Engineer: 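Dropping a structure here in structure tokens format, bear with me for questions.
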Amino acid sequence: MLIGRPISVIGGGIGGLAVALACAQRGAQVTVLEQAEAIAEVGAGIQISPNGWVVLEALGVAGALADRSMRSTAVRLRDFRRGAEVFTMALRGDFYLVHRADLIEVLRAACVSAGVTIRLGVQVTEITPDGRANRLALGDGSSETHGLTLAADGLNSAARRALNAKSRAFFTGQVAWRATLPGRDLPAEAHVFMGPGRHLVRYPLRGGALTNIVAVEERDQWAAEGWHHADDPENLRVAFTDFCPEIREMLDDVQAPKLWGLYRHPVARHWHAEALALLGDAAHPTLPFLAQGANLALEDAYVLSRILADEPDTATALARYQAARKTRTARVIEAANDNATNYHLRPGPLRFAAHSALRIASRVAPHVVANRYRWIHSHDVTR
Ligand SMILES: Cc1cc2nc3c(=O)[nH]c(=O)nc-3n(C[C@H](O)[C@H](O)[C@H](O)COP(=O)(O)OP(=O)(O)OC[C@H]3O[C@@H](n4cnc5c(N)ncnc54)[C@H](O)[C@@H]3O)c2cc1C
């Protein structure tokens with residue numbers, strides 16, 4: 001157990017709050033340092049699959065989240081031009097369509113109930129590991145010394161920089177627009193409209209009150225990475241102008257989309273020092289093509305807390321944690337990278353053959369494609 005053990009967590013996103021809660025439930029005295037002035041999330045959807053849901057169940061927050069979310073019953077791959085179905089994968093198990101703000105709120109509330117201290121407006125600008133302690137330089141110019149520190153500070157992690165030589169992320173040549181619109185009474189399913197060099201994912205949120213879209217386009221021009229870059233909705237409409245009327249009409253309602261440049265980052269080589277560990281996007285930023293980044297962060301959080309509770313020597317525990325997580329996360333990320341290519345095939349023999357094969361598989365053996373990802377979704381870190 002971690003009874004009375006002080007633990008600091010950098011970052012109050014999905015990974016940070018989950019690991020804070022998991023450690024607090026095992027008895028640790030946890031403090032979260034979050035740079036934002038409030039624990040909040042962008043207004044967007046997120047798909048949680050059974051491998052992430054088991055963690056939310058183990059943390060005791062799945063019930064509260066299920067009340068605000070929709071259980072997803074299918075993923076439908078559709079052709080962009082007419083919207084015709086190419087492949088349908090029925091989902092069995094705990095696949096949920098979740099509003100990010102709802103996930104963050106249930107985690108935050110559970111953290112507060114478990115006695116976690118959340119310090120807001122605290123930006124960690126630099127970390128210097130020093131044996132069993134870490135010196136944290138803060139944005140206001142002060143510095144503090146913390147013992148065991150778990151860093152879930154996302155894509156531009158200061159902790160990752162402290163543990164690794166700078167690695168080069170490269171622009172994938174793809175950008176993603178994200179927007180939510182008023183609901184359209186859509187069924188609880190994710191629909192993927194596949195076009196040449198582009199695809200659009202659409203699903204409902206909060207009982208159908210909102211519709212979430214993520215629209216991905218291949219392009220040469222560089223675009224910035226991050227949730228906060230606004231774009232003119234006209235650019236989104238122009239990029240998807242040859243999609244079926246169902247999509248075009250929906251895009252007419254988009255008012256303030258955000259544009260995210262998609263980058264590939266290598267999985268960090270070193271995840272830990274003697275008393276410092278990375279988790280979530282800080283260790284392994286994940287492209288959204290298999291909806292796994294947050295699910296992996298939840299898995300990390302649970303595994304890290306359990307190993308810390310089991311293993312009395314912290315440095316050994318952190319090495320065990322890296323060994324337990326690195327291969328799986330790298331494999332999932334590789335699978336996500338591959339998926340973009342499959343969605344974006346150009347008209348021609350390859351696209352015809354691939355879509356025909358999917359149509360036939362959909363009728364004859366839908367389980368074959370579903371089984372392709374079973375190793376991701378059925379992984380249960382809580383067992
Ligand atoms: C378009 C898109 C769609 C996606 N859809 C899905 C999906 O459907 N399913 C899924 O599983 N994943 C999805 N993902 C991936 C998912 O969003 C991320 O993997 C996940 O948010 C990572 O969580 P995290 O806690 O590690 O990092 P983050 O969510 O980035 O949280 C980091 C936190 O740390 C704080 N912070 C950062 N730096 C500092 C600092 N220096 N000091 C103090 N605090 C700091 C930040 O303010 C933030 O609160 C998607 C990603 C994109 C781009």
Side-chain angles (χ1 to χ4, degrees), residues 8-20 31-42 44-53 55-56 72 75 95-100 103-104 107-108 118-127 136-140 149-162 172 174-179 190 200-201 203 205 212-216 223 225-229 257-263 265 268 278-301 329 332-333 336 376-377:
S8 302
V9 173
I10 307 176
I14 295 164
L17 293 178
V19 80
T31 303
V32 175
L33 311 178
E34 165 58 46
Q35 66 183 3
E37 294 297 336
I39 296 285
E41 253 291 352
V42 290
I46 192 160
Q47 300 181 68
I48 298 295
S49 46
N51 52 313
W53 196 258
V55 173
L56 297 170
S72 183
V75 175
F95 290 87
Y96 280 88
L97 307 171
V98 174
H99 198 294
R100 280 173 178 267
L103 173 54
I104 283 290
L107 288 171
R108 187 205 63 80
I118 300 179
R119 290 173 56 193
L120 298 171
V122 180
Q123 187 188 33
V124 177
T125 52
E126 205 181 326
I127 302 176
L136 272 46
L138 305 184
D140 64 3
T149 303
L150 310 179
D153 48 348
L155 214 50
N156 300 306
S157 167
R160 178 177 171 137
R161 282 199 303 276
T172 58
Q174 293 159 334
V175 296
W177 284 273
R178 176 193 57 70
L200 185 145
V201 183
Y203 55 83
L205 293 172
N212 185 71
I213 59 166
V214 177
V216 176
E225 195 172 28
W227 283 119
H228 301 289
H229 310 289
K258 301 282 197 256
L259 183 66
W260 175 306
L262 298 175
Y263 285 70
H265 295 255
L278 307 177
L279 73 146
D281 275 9
H284 47 73
T286 309
L287 289 173
F289 303 130
L290 272 180
Q292 281 301 310
N295 287 292
L296 291 179
L298 290 169
E299 290 184 13
D300 288 347
T329 50
V332 174
I333 286 165
I376 298 179
H377 299 143

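Both counts, for ligands and for their atoms, begin at 1 and track the order of listing. Predicted model only: the values in this text are computed from it and were never measured.
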Engineer: Answer yes if the side chains of Glu225 and His265 hold a donor-acceptor pair under 3.5 Å, and no otherwise.
Structural biologist: yes

Engineer: Using a distance-only test with no angle check, is there a side-chain donor-acceptor pair under 3.5 angstrom linking His377 and Asn295?
Structural biologist: no

Engineer: When you measure from atom 8 (O) of ligand 1 to every protein heavy atom, which one gives the shortest distance, and what is it?
Structural biologist: Gln47 N, 2.8 Å

Engineer: Ser157: what forms a side-chain hydrogen bond (donor to acceptor under 3.5 Å, both in side chains) with it, not counting sequence neighbours?
Structural biologist: Asp153

Engineer: Please report which non-hydrogen protein atom sits nearest to atom 40 (C) of ligand 1, along with the residue it belongs to and the distance in Å to one decimal place.
Structural biologist: Gln35 OE1, 3.5 Å

Engineer: Nearest heavy-atom pair of Gly12 and Ile104: which atoms, and what distance?
Structural biologist: O-CD1, 4.1 Å

Engineer: Tell me, which protein residue and heavy-atom name are nearest atom 42 (N) of ligand 1, and how many Å apart are they?
Structural biologist: Val124 N, 3.0 Å

Engineer: Decide whether the shortest distance between a heavy atom of Ala152 and an atom of ligand 1 is less than 4.0 Å.
Structural biologist: yes

Engineer: Determine, using heavy atoms of Leu287 and all atoms of ligand 1, whether some pair is separated by less than 4.0 Å.
Structural biologist: no

Engineer: Give the numbers and elements of all ligand 1 atoms closer than 4.0 Å to a heavy atom of Val122.
Structural biologist: 42 (N), 43 (C)

Engineer: In the protein, which heavy atom is nearest to atom 26 (O) of ligand 1, and how far is it?
Structural biologist: Asp281 N, 2.9 Å

Engineer: Considering heavy atoms of the protein only, find what lies nearest to atom 24 (P) of ligand 1 and give residue, atom and distance to 0.1 Å.
Structural biologist: Gly15 N, 4.0 Å

Engineer: Counting heavy atoms only, which of Arg100, Gln292, Arg161 comes nearest to atom 16 (C) of ligand 1?
Structural biologist: Arg100

Engineer: Residues in side-chain hydrogen bond (donor to acceptor under 3.5 Å, both in side chains) with Arg108, at least two apart?
Structural biologist: Glu105

Engineer: Heavy atom of Leu155 under 4.0 Å from ligand 1?
Structural biologist: no

Engineer: Could you pull out, from Leu298, Asp153, Asn212, Ile46, the option with a heavy atom nearest to atom 6 (C) of ligand 1?
Structural biologist: Ile46

